[in-house]
Structures are given as C-alpha cells and as structure tokens.
Colleague: 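Have a look at this one before I ask anything.
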Amino acid sequence: MSVKMGKLFSTLLSIVALMMVSLSSASAETYKINLSDADPNGPYMASMIKLAFEHLGRKVEFQPVAEDMTQTRLVEDTLNGQLDIMWAGTSKELEESVEPVRIPMFKGLLGHRFLIIRKGDQAKFDKVKDINDLRQIPLGQGTAWIDTKVLEANGLKVVKTTKYQNLFHMLDGGRFDAFPRAVFEPFSEVEKRPALNLTVEKRLMLVYKMDFYLFVSKKNKALARDLELGLNRAIADGSFEKVFLTAPSVQEAIAKGDLKNRLVIPLDNPFNSKETPIDRADLWIDPKSL
C-alpha cells in the first residue's frame, strides 16, 4: 500500500470511528430526573435506572434537574413532563397519581428506621421498650411523606414541615426529639451537619413494610413496563443485589448500624396498595441478615 493510500485509509478509519461515536451518542435515550444534593439517594437510584436499561440493551443518559423539591412538586413535575422518572416512598394514594414500578429499590430497607437524636439524649431512648413508650416522644417528618401517615396511624406524635432540610435544625432546636430515617440515611446526614448537636440513636429500629418505587407519568406506562422488565432481569442475574449491597449508604448501615442487635418496634402500614409484591421474597431483605 502506498503512503498516499495509507493516509487515505487512515483518514477513512477516523471518519468511520467518529461516525460510530456520533451514532452511539445519538442512540442514547435521555431522561430528566431530579439529582438534587438534598436527596442523598439520587446517585443510587440513577445507577439502578441505568442498570435496568442495560438489561434491555439500551443506553441511557440523564438530564439532571438539581432542585430541592417537596414530594408534591416531584409529582407535579412528573405529571407535566418536567421530570420523566421520580422516586418516592410508595402508597396507595401516590400510585393513583403517578405510575409505579413495583420493585422496592432498597429491598424494603426504607421501612426500617433508625432515629436521629440530639447528642446527650441516648438515655431517654434506652428506656423505650415498646411502641407505647415511643408514643411519648415527639418525632419529626415531612408534611407530604407517606412515613408521616404511617407513624400517625400507629398513634405516634409527629411534628411536620414541608422542607426536608428544616427537620435537622428543628430537631437541634428542640422542636421534637427524634427524626426517623431509613437505616441507610442517617449516618451520612449527621456527618454532613457537624455544626448541629445530632447523632444516631444506638438501640432501636422501627420496622414497617414500605420502600422506594420508581414512578413515571400515567401517560408513559410503556416506560414503567420497560423499567420493571429491566429491573426484574437484573434481579434474576444477581446484578441488582450487587449494586444494592455495594451502595455506600447500605455498606454504612451494615458497618455502623448494629442491625442484628437492635430492638425492633413493628409498625403497621395501612397505606400499602393491594398490588404491593409482598409475597416475592426476592424483592425484600431482612436487615438482621446483613
């Protein structure tokens, strides 16, 4: 091959490579999701969405919306197309508004709760033996959260506010005495707020049946079916479990939470849909087995 032909061949190869990169980029699907710093679960949920599409043989990119949104706003933006996919603790009411993907994204850990408390208050919680004792302690939660309704349905005192960030300052200021958080949430939340007099309670775990679902608009049920299919394939081949167990927040809960030795306070959740896949053992985990 002549030098001239070699250069031409090299140029053609470069053009083909650029075309392939361009086509690959063009073939990626783009979805709008909320990746606000106020939501510590965003990176994990994004990785699970990508995992679902990988199991469908499809590439996905995200157009991130980085706003601290209330759940009401998340639903509104999903309905009006400002977001394509959202996630939240599920309930019958929420599932009537937006289309659920009935796969518990944290394998039920969302319904396993540690308490964030003020430093120096552990002795108060050492006296708690059952739900009746806990009913004497005011708890903080978000106004629109389904967890709030669950706690109230079990006779617990709840102080509410619309903004997630406010709850830490309200607890620090004595507006209530404990802030229930999913077991994979509180350690990093406390560490991010060193100026506040907060810590994670050491011996209790509230337990009820609930978890995060992905949700889309009712107008886009095909997307919900695709996500469910991809996630089920990931569950079947073990990759869902691998992402779950290697998530930094889950590893932190295992390392710091003393899950096996905590006193469990069971709560009823009357807000689950009849379609909640409670009977699928592969979707749920016993945290005491971790």
Colleague: Around atom CG of N132, are there more than 12 heavy atoms from other residues, nucleotides or ligands closer than 6.0 Å?
Modeller: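 For N132, atom CG is crowded (more than 12 foreign heavy atoms under 6.0 Å).
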Colleague: Under 4.5 Å between any side-chain heavy atoms of R262 and E201, yes or no?
Modeller: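 Side chain of R262 against side chain of E201, heavy atoms only: contact under 4.5 Å found.
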Colleague: Determine whether T161 and L167 make a side-chain contact, defined as any pair of heavy atoms from C-beta on separated by less than 4.5 Å.
Modeller: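 T161 vs L167: side chains touch.
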Colleague: Apply the side-chain contact (heavy atoms from CB on, under 4.5 Å) test between L267 and each candidate in D147, L134, I131; give the one that qualifies.
Modeller: I131
Colleague: State yes or no: do W87 and L74 share one hydrophobic cluster built from I, L, V, M, F, W and Y residues joined by side-chain heavy-atom distances below 4.5 Å, directly or via other members?
Modeller: no
Colleague: Parallel, tilted or perpendicular for F184 and F106, by the 30°/60° rule?
Modeller: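 The rings of F184 and F106 lie parallel, inter-plane angle below 30°.
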Colleague: Would L259 and I265 show up in the same hydrophobic cluster when neighbours are defined by side-chain heavy atoms closer than 4.5 Å?
Modeller: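 Same hydrophobic cluster.
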Colleague: I want to check something: taking the side chain as every heavy atom from C-beta on, are M45 and F212 in contact at a cut-off of under 4.5 Å?
Modeller: yes
Colleague: Show the nearest heavy-atom pair for residues Y164 and P40, with the distance to one decimal.
Modeller: OH-CD, 4.1 Å
Colleague: Counting heavy atoms not belonging to K209, are there more than 12 under 6.0 Å from its NZ?
Modeller: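 More than 12 heavy atoms, drawn from other residues, nucleotides or ligands, come within 6.0 Å of this atom.
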Colleague: Just checking, any donor-acceptor pair under 3.5 angstrom between side chains of E76 and N80?
Modeller: no
Colleague: Any donor-acceptor pair under 3.5 Å linking the side-chain atoms of S36 with those of N34?
Modeller: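 N34 vs S36: no donor-acceptor pair found between side chains.
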Colleague: In terms of heavy-atom contacts, does NZ of K32 have more than 12 from other residues, nucleotides or ligands at under 6.0 Å?
Modeller: yes
Colleague: V98 and side-chain contact (heavy atoms from CB on, under 4.5 Å): which partner among T90, V216, N220, L79?
Modeller: L79
Colleague: Between R118 and D177 (salt bridge meaning N to carboxylate O under 4.0 Å), is one present in this structure?
Modeller: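 Here R118 pairs with D177 in a salt bridge, since their nearest N and O are under 4.0 Å apart.
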Colleague: Would the F53 and Y31 ring centres measure less than 6.0 Å apart?
Modeller: yes
Colleague: Is a donor on one side and an acceptor on the other found under 3.5 Å between the side chain of D268 and the backbone of N154?
Modeller: no
Colleague: Does the side chain of I49 come within less than 4.5 Å of I85's, by heavy atoms?
Modeller: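 I85 vs I49: side chains touch.
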Colleague: Would you say the side chain of M205 lies within less than 4.5 Å of the side chain of F114, judging by non-hydrogen atoms?
Modeller: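 When only atoms from C-beta onward are counted, M205 and F114 do touch, with a gap below 4.5 Å.
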Colleague: Would you say W284's side chain and P277's backbone share a donor-acceptor pair under 3.5 angstrom?
Modeller: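 Between the backbone of P277 and the side chain of W284 there is a qualifying donor-acceptor contact (under 3.5 Å).
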Colleague: So D77 and M69, do their side chains get closer than 4.5 Å, heavy atoms only?
Modeller: yes
Colleague: Is it the case that more than 12 heavy atoms not belonging to K288 sit under 6.0 Å from its NZ atom?
Modeller: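 Yes.
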Colleague: Under 4.0 Å between a Lys/Arg side-chain N and an Asp/Glu carboxylate O for R193 and D172?
Modeller: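 Salt bridge flag = no for D172 with R193.
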Colleague: Any donor-acceptor pair under 3.5 Å linking the side chain of S273 with the backbone of E275?
Modeller: yes
Colleague: Does I33 belong to the same Ile/Leu/Val/Met/Phe/Trp/Tyr cluster as V65, with side-chain heavy atoms less than 4.5 Å apart forming each link?
Modeller: no
Colleague: Do R280 and N232 have a side chain donor and acceptor closer than 3.5 Å?
Modeller: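 R280 vs N232: donor-acceptor pair found between side chains.
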Colleague: Which of these passes side-chain contact (heavy atoms from CB on, under 4.5 Å) with F179: E185, Q141, R113, M170?
Modeller: Q141
Colleague: In terms of heavy-atom contacts, does CD of Q165 have more than 12 from other residues, nucleotides or ligands at under 6.0 Å?
Modeller: yes
Colleague: Does atom CG of D37 have more than 12 heavy-atom neighbours, drawn from other residues, nucleotides or ligands, at distances under 6.0 Å?
Modeller: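 Not buried by this count: 12 neighbours or fewer within 6.0 Å.
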Colleague: Tell me whether the count of non-hydrogen atoms from other residues, nucleotides or ligands lying under 6.0 Å of CZ in R203 goes above 12.
Modeller: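 Counting other residues, nucleotides and ligands, CZ of R203 exceeds 12 neighbours.
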Colleague: May I ask you to test the V183-P287 pair for a side-chain heavy-atom distance under 4.5 Å?
Modeller: no
Colleague: First locate atom CZ of F187, then atom NZ of K192, and finally report the distance between them rounded to the nearest 0.5 Å.
Modeller: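 Between F187 CZ and K192 NZ, I get 14.5 Å after rounding to 0.5 Å.
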Colleague: Look at the side-chain heavy atoms of Ile, Leu, Val, Met, Phe, Trp and Tyr, link any pair under 4.5 Å apart, and say whether L231 and Y213 land in one connected group.
Modeller: no
Colleague: What's the separation between atom CZ in F271 and atom OG1 in T148, rounded to the nearest 0.5 Å?
Modeller: 10.0 Å
Colleague: Treating Ile, Leu, Val, Met, Phe, Trp and Tyr as nodes and any side-chain heavy-atom pair under 4.5 angstrom as an edge, say whether F168 and I137 lie in one connected cluster.
Modeller: yes
Colleague: So, do T199 and I117 sit near enough that their side-chain heavy atoms are less than 4.5 Å apart?
Modeller: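 Sidechains of I117 and T199: in contact.
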